[in-house]
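Take a look at the structure below.
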Amino acid sequence: MRPCALISAICVAAISAATASAQIKIVPQDRLKAVSDPVLSADSAALAFGVRHIVAEPMNEDDMPKSFVFPFTNASDATVRIHRLVSTCSCAAAICPVKELQPGESSEITVRYNPKGHPGKFERKVFVYTGEGNEPAAVLRLSVDVASGADLSAQWPVQMGPIRLRRTEVNVSKGVRSVETLRFINVSDAPVCLQCETAFLPECLSFSTEPAMVEPGKEGLIKIAYDPAKPGLKDVMKVILKGLGLPPSKSTITVNVP
């Protein structure tokens, strides 16, 4: 490379690194706390909620949406109006049928939770605002525990006979020993023991699973180890799984060497 070209390349790399560094922002701890546990507005004392935190019974992703009610009363001596409700997730929609309350009047906020597409344990929050400021008058919490539904296509999009995977490609770096992993789930009603066609496996690759036998409904781990000291390296290598009742073209994991 010519000196001028080398200097130019170094400058471009330095500018790119500086730009990437400038894009990384450190969020102050007080700002994080302001989101998770915000300071309440002056109207917080006016809204007397019977409960502010509901722990829902365990749900399944295939369940129909469920509603949870947070009743409250205007405990002040002035009119209070619910200006807006803000949820931390679109899966938890909040409504308030009576938004303007005279002193002593009661209303309720209903949170309708849709578990579809949201498996896992979460705490959803609803911020209740009585004015246009940034401080809510109340924070309502809904804790949910949602099990994965029968439709696993979103979480495990790749179907290979009795198993589903999130992806079918891994990358290894030339000259660097590594072990790449792929998670899978057994969607059949019988145990699965994955193996590969060793006759077509390059010597630089080795295949194993953990555990060796995966029970129905359980997850497993495919481990592909790369050893640069052994021959057979190509830009694109194929690991063909067997025992899935599928042709090689539909049961192949691709190992790329960028």
Side-chain angles (χ1 to χ4, degrees), residues 27 29-40 44 47-73 82 84-97 106-129 135-160 162-167 181-192 194 209-223:
V27 180
Q29 189 65 31
D30 57 343
R31 290 187 61 186
L32 291 174
K33 183 174 176 59
V35 174
S36 61
D37 190 17
V39 175
L40 300 181
S44 62
L47 301 182
F49 280 88
V51 60
R52 294 180 184 236
H53 184 194
I54 293 178
V55 178
E57 292 185 0
M59 288 182 271
N60 188 283
E61 194 180 359
D62 294 334
D63 289 345
M64 295 297 291
K66 296 183 180 180
S67 295
F68 303 89
V69 179
F70 296 82
F72 68 98
T73 300
I82 304 300
R84 70 184 190 278
L85 302 172
V86 178
S87 172
T88 56
C89 181
S90 60
C91 59
I95 60 172
C96 182
S106 298
S107 185
E108 61 187 27
I109 292 173
T110 300
V111 179
R112 187 171 175 81
Y113 186 78
N114 186 356
K116 187 66 175 179
H118 298 276
K121 292 184 178 181
F122 306 101
E123 182 180 87
R124 305 308 189 188
K125 296 179 182 179
V126 174
F127 300 93
V128 183
Y129 293 88
E135 297 176 345
V139 179
L140 308 179
R141 291 174 167 84
L142 175 64
S143 295
V144 296
D145 184 356
V146 181
S148 296
D151 182 7
L152 301 174
S153 58
Q155 188 177 3
W156 305 90
V158 182
Q159 176 87 47
M160 281 190 186
I163 68 170
R164 295 191 75 100
L165 306 93
R166 292 192 172 99
R167 56 194 176 99
T181 60
L182 289 166
R183 288 199 169 277
F184 69 93
I185 185 169
N186 179 3
V187 295
S188 72
D189 56 2
V192 167
L194 288 185
T209 65
E210 187 180 293
M213 184 78 70
V214 179
E215 297 297 325
K218 300 297 183 180
E219 294 184 26
L221 198 66
I222 294 173
K223 305 175 82 171

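Only this structure's heavy atoms are used, side chains among them; waters, hydrogens and symmetry mates stay out.
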Test side chain to side chain contact (heavy atoms under 4.5 Å, CB included) on Trp156 and Arg166 and set out the steps. CA-CA 5 Å; Trp156 305 90; Arg166 292 192 172 99; 3.5 Å; yes
Step by step, work out the side chain to side chain contact (heavy atoms under 4.5 Å, CB included) result for His53 and Glu123. CA-CA 10 Å; His53 184 194; Glu123 182 180 87; 3.9 Å; yes
Checking side chain to side chain contact (heavy atoms under 4.5 Å, CB included) for the pair Val86/Val126: CA distance, chi angles, key distance, verdict? CA-CA 5 Å; Val86 178; Val126 174; over 6 Å; no
Between [X] and [Y], what is the shortest heavy-atom contact and its length?
X: His118; Y: Val146; answer: O-CB, 3.5 Å
X: Tyr113; Y: Arg124; answer: CE1-CG, 3.9 Å
X: Ser87; Y: Ala92; answer: OG-O, 2.7 Å
X: Ala56; Y: Leu142; answer: CB-CD1, 4.3 Å
X: Ser188; Y: Pro216; answer: O-CB, 3.2 Å
X: Val69; Y: Glu108; answer: CG1-OE1, 3.5 Å

Is the closest side-chain heavy-atom distance between [X] and [Y] below 4.5 Å?
X: Phe127; Y: Thr88; value: yes
X: Val139; Y: Leu40; value: yes
X: Cys96; Y: Leu85; value: yes

Hey, which of Leu194, Val187, Leu165 is the one that makes side chain to side chain contact (heavy atoms under 4.5 Å, CB included) with Met160? Leu165
Quick one: [atom1] on [X] to [atom2] on [Y], what's the gap to the nearest 0.5 Å?
X: Asp62; Y: Lys116; atom1: CG; atom2: NZ; answer: 4.5 Å
X: Met213; Y: Lys218; atom1: CE; atom2: NZ; answer: 15.5 Å
X: Lys125; Y: Leu140; atom1: NZ; atom2: CG; answer: 11.5 Å
X: Ile222; Y: Arg183; atom1: CD1; atom2: CZ; answer: 11.5 Å
X: Ser106; Y: Phe72; atom1: OG; atom2: CZ; answer: 8.5 Å
X: Leu47; Y: Ile109; atom1: CG; atom2: CD1; answer: 7.5 Å

State which residues pass salt bridge (Lys or Arg N to Asp or Glu O under 4.0 Å) with Asp63; sequence neighbours excluded, sorted by chain then number. none
Evaluate Glu215 against Asn186 for side chain to side chain contact (heavy atoms under 4.5 Å, CB included), listing each step before the verdict. CA-CA 7 Å; Glu215 297 297 325; Asn186 179 3; 5.7 Å; no
